[in-house]
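Quick notes on the structure that follows.
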2 protein chains.
Amino acid sequence: MAPTSETLTAERILEATEEVLRRHGPAKATVVDVARALGVSHGSVYRHFRTKAVLREAVTKRWLDRTTAALSGVVTEDADPEARLRDWLAALFAAKRRKAGDDPELFATYQVLTVENGEAVSAHLADLTGQLARIIEDGVDAGVFTAPDPEATARAVFHATGRFHDPGYAAAWQRHDIQAEFEAVVELLVRGLRA
Amino acid sequence: MAPTSETLTAERILEATEEVLRRHGPAKATVVDVARALGVSHGSVYRHFRTKAVLREAVTKRWLDRTTAALSGVVTEDADPEARLRDWLAALFAAKRRKAGDDPELFATYQVLTVENGEAVSAHLADLTGQLARIIEDGVDAGVFTAPDPEATARAVFHATGRFHDPGYAAAWQRHDIQAEFEAVVELLVRGLRA
DNA sequence: CAGCTGACAGATATTGAAATCTGTCAGCTG
DNA sequence: CAGCTGACAGATTTCAATATCTGTCAGCTG
């Protein structure tokens, strides 16, 4: 917790920023707070990040990329495409639900950050639909799925499951019947994909 | 525009409230404004609606019910169930897109009102999924759809198309490729429903 | 006397002055 | 001399005083 006197790196600033955001929330977290947490002047922070907005975007990217990385394992899993598709969607839902449930305040903080940084979010969504597209392509190649345009189909599947990964629906993830809802949608989609 | 001196009815108050909301927006519309628009004292408004919250809820209900009514015609349309399902989803999407596009400020106003009145919204969603369920049941009866539990399937279809009717996605309805996205999702769902 | 008015108390919103923050940069320091 | 500091101008936020609004009700009016 005490500010180590290593040299000031972008990475250390990002860590401190995440901590300040967790403590103060997105509205009250200031660059001065971040500098204080690191035991440096706020001018030094501006040496590594040109503006506060750039700093916040970098933190957001880092957070989004952690989710992407966690899911990439499922894509290359050793199972048939339908099972991998189901696993991937379930893993995405579970990850989101865990994040929202474990630390609602931090989740709300990142929700604010993501609406602020549409750019970073678009890139993240492209990453995720890319993973989905790979699974669907594998299914088409194996002859178990029908999809004239796997990229477009991946986006369709992603959009159709929005209720189970879009942060805007986080409140609904508490409902007792949400798991049944999820399974009903996935069932419909998998049936729609089958050759 | 001049306040007619008919007797003050709940309906006239609701109309005036809608007009005040359109003019001032949800944050600044006051009961005093509504009374002024009607040429009465604000005490008279409280004779018909116990609180401001009740008044706003009533306006919200009215607005939601207009949408439900507009769609009910499609349910009883003379066409095969698959066509009716496609028509109904398209009509819902078109109605939402038109509302959001024609008068964005009023749409934003009602967005605020709907988050305020979760109760009224739940009832509205139940109405809509009820209409969907009837179409799906007809499809099951005709042997063209498979759905062990049509009510649950209706909810699944409704959730899966959320991106095309949930007001939270209104910004995305401006994208040039939204129509293609819509058709891709509907295609997948219809395929998933077929017997 | 049914329905409306307007004064009122407490709650909520607005406003403008004071405090804090962002982003810059000349100069300090190891 | 590379990297950090801290004072500064302008932008933004906070806070407390002031104004407006909500909800009630005793009494007015047609």
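Labels below follow one simple rule: chain letters A, B, ... track the order of the sequence lines, proteins then strands, and each chain is numbered from 1.
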Indicate, with yes or no, if Val190(A) and Leu193(B) share a hydrophobic cluster defined by side-chain heavy-atom contacts under 4.5 Å among Ile, Leu, Val, Met, Phe, Trp and Tyr.
yes
Sort out the partner of dA19(C) for me: Watson-Crick or G-U wobble, both distances under 3.5 Å, none otherwise.
dT12(D)
Residue matched to dA26(D) through Watson-Crick or wobble contacts both under 3.5 angstrom:
dT5(C)
Which letter, B, S or -, goes with each nucleotide of nucleotides 6-30 of chain C from 5' to 3', with contact meaning a protein heavy atom under 4.0 Å?
BB-------------SBBB------
Qualifying ring pair (Phe, Tyr, Trp, His ring centres under 6.0 Å) pairs with a residue from residues 99-136 of chain A, counting only residues at least two apart or across chains
Trp63(A)-Tyr110(A)
Do the side-chain N and O atoms of Thr67(A) and Lys99(A) include a donor-acceptor pair separated by under 3.5 angstrom?
yes
Among side-chain atoms of Asp33(A) and Thr30(A), is any donor-acceptor pair under 3.5 angstrom?
yes
Nearest-Å distance, CD1 (Ile13(B)) to C1' (dC4(C))?
12 Å
So do the side chains of Leu128(B) and Phe158(B) get within less than 4.5 Å of each other, counting heavy atoms only?
yes
